[in-house]
Amino acid sequence: MPLSSPSLRPPLALPPTSNRHHHPHRLPPVSHPHPRPLALRRSIHLARPPRAGAADMAAAAAASSSPPTLLEYMGWAGTPADLAVLVAHIQGACKSIAALAASPGNVDLSRAKDVGTGADAVAAGRDAPKPLDELSNEIILSSLQSSGKVAVVASEENDLPVWMCDDGPYVVVTDPLDGSRNIEVSIPTGTIFGIYNRLVELDHLPVEERAQLNSLQSGTRMVAAGYVLYSSATILCISFGSGTHGFTLDRSTGEFILTHPSMQIPPRGQIYSVNDARYFDWPEGLRKYIDMIRQGKGQHPKKYSARYVCSLVADFHRTLIYGGVAMNPRDHLRLVYEANPLSFLAEQAGGRGSDGKDRILSIQPVKLHQRLPLFLGSMEDMLELESYGDVQQKVNPGYEV
């Protein structure tokens with residue numbers, strides 16, 4: 001059955017990204033020491049051009065004397081009003097997380113909790129929680145609740161999906177703070193999210209079943225996806241299904257400004273990103289592929305370089321800019337809220353997301369915290385990698401980073 005989609009309406013000036021008011025059935029606002037995101041003071045005012053491709057519009061916007069903010073870009077591109085409001089609240093939450101990640105008190109927050117709590121999380125299929133992960137999760141959930149546009153959210157930090165609103169038009173899947181263990185040593189981290197339409201044909205089901213099935217949609221149904229990289233700059237990359245576009249946070253105004261319109265992964269790169277220390281745990285096909293490309297004996301005659309941050313968003317962002325392949329060959333990364341959103345962005349930029357055999361977006365999730373190998377990158381590099389066949393690491397010695 002086709003998914004419902006909100007009707008197109010002229011873009012309106014959007015509300016502030018902070019909580020507007022509290023309802024008893026909603027999550028309470030998050031209390032934390034960091035200021036709320038700046039109110040969205042600039043209304044959407046760009047004149048609408050004749051209908052054109054999203055890539056043309058993005059290029060024209062970036063070339064203007066005043067590049068548009070994310071909110072202005074959504075008005076320019078004709079983003080449905082409900083979706084624009086939702087994204088406005090997501091960007092507001094990510095501004096708060098960016099401030100949190102850069103605060104002096106984040107060192108203790110980035111350390112895992114006691115063994116008992118961590119063991120419970122691992123048993124549920126999640127990573128051991130850290131206070132910083134949980135606080136970021138609260139910020140995201142509070143902001144999504146405040147938007148009034150989300151029916152259900154599935155988060156890496158929750159065992160089960162959280163039902164928010166019966167008539168919310170959208171479903172959000174998210175990893176609120178990927179790579180939080182890296183904050184203690186000032187390595188980049190990130191937020192990952194994907195957005196689906198609510199499956200209205202499931203509205204008759206009990207809430208728990210409805211929440212689960214809405215959260216386990218195939219990646220081919222995604223209507224938008226994005227990530228936010230918290231590094232020397234805070235960069236939000238997003239796609240609404242018409243190209244991948246990058247916005248950089250201007251700290252003087254508090255706005256995300258279009259800086260990377262219509263991003264394209266080069267057809268082939270010269271960088272591979274993987275934990276080389278696990279070389280002897282890899283299957284023969286993957287070892288052979290890496291041996292060939294770093295000697296310049298693959299399909300590309302130049303020798304490849306290794307670059308590995310061990311932060312998924314950072315490694316993917318570099319790959320998006322420079323090309324090549326970013327990978328984790330073991331069953332480690334989550335299909336629902338890591339692999340699907342990043343593969344959506346990769347495809348919209350001309351690349352490919354794969355589990356080493358199949359297209360990620362074609363895989364039907366069966367569990368919320370389902371794990372799988374993940375390979376992301378340039379189309380030619382990805383096809384060459386897949387041609388080796390045996391690239392998924394099935395032997396996992398259970399090592400800890």
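Please read all numbers here as calculations on a predicted model, not as lab measurements. Reckoned from all heavy atoms, side chains included, excluding hydrogens, waters and symmetry mates.
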Backbone N or O of Glu380 within a donor-acceptor pair of the Glu384 side chain at under 3.5 Å? no
Donor-acceptor contact below 3.5 Å, side chain Thr244 vs main chain Leu345: yes
Check this for me: Tyr322, atom OH, are more than 12 non-hydrogen atoms of other residues, nucleotides or ligands nearer than 6.0 Å? no
Could you check whether atom CD of Glu284 has more than 12 heavy atoms from other residues, nucleotides or ligands sitting under 6.0 Å from it? no
I'd like to know if the side chain of Arg307 pairs up with that of Tyr272 as donor and acceptor (distance under 3.5 Å, no hydrogens or angles considered). no
Working for side-chain contact (heavy atoms from CB on, under 4.5 Å), residues Leu376 and Leu342: CA-CA 8 Å; Leu376 297 159; Leu342 296 185; 4.0 Å; yes
Is a salt bridge present between [X] and [Y], judged by a nitrogen-to-oxygen distance below 4.0 Å?
{"X": "Lys357", "Y": "Glu386", "answer": "no"}
{"X": "Asp203", "Y": "Arg198", "answer": "yes"}
{"X": "Lys394", "Y": "Asp281", "answer": "no"}
{"X": "Arg371", "Y": "Asp331", "answer": "no"}

Start with the C-alpha distance between Tyr170 and Tyr196, add both sets of side-chain angles, then the distance that settles ring pair (Phe, Tyr, Trp, His ring centres under 6.0 Å), and finish with yes or no. CA-CA 6 Å; Tyr170 295 109; Tyr196 298 87; over 10 Å; no
Assess the residue pair Leu144 and Lys149 against the criterion (side-chain contact (heavy atoms from CB on, under 4.5 Å)); give the C-alpha distance rounded to whole Å, side-chain angles, the decisive distance to 0.1 Å, and a yes or no. CA-CA 7 Å; Leu144 295 179; Lys149 304 301 180 184; over 6 Å; no
Describe, in one word, how the ring planes of Tyr73 and His245 are oriented to each other, choosing from parallel (under 30°), tilted (30 to 60°) and perpendicular (over 60°). tilted
Could you go through Tyr337 and His369, starting from their C-alpha distance and side-chain angles, then the distance that decides it, and tell me whether this counts as ring pair (Phe, Tyr, Trp, His ring centres under 6.0 Å)? CA-CA 8 Å; Tyr337 38 80; His369 300 288; 5.7 Å; yes
Report the distance from atom OG of Ser143 to atom CG of Leu86, rounding to the nearest 0.5 Å. 8.5 Å
Working to the nearest 0.5 Å, report the span between CG of Asn182 and CD of Glu184. 10.0 Å
Do Tyr289 and Tyr388 have ring centres separated by under 6.0 Å? yes
Test side chain to side chain donor-acceptor pair (under 3.5 Å), reference Ser155, set Asp175, Asn137, Thr174, Asp133, output is Asn137
By side chain to side chain contact (heavy atoms under 4.5 Å, CB included) - contacts of Asp358 (at least two apart): Asp355
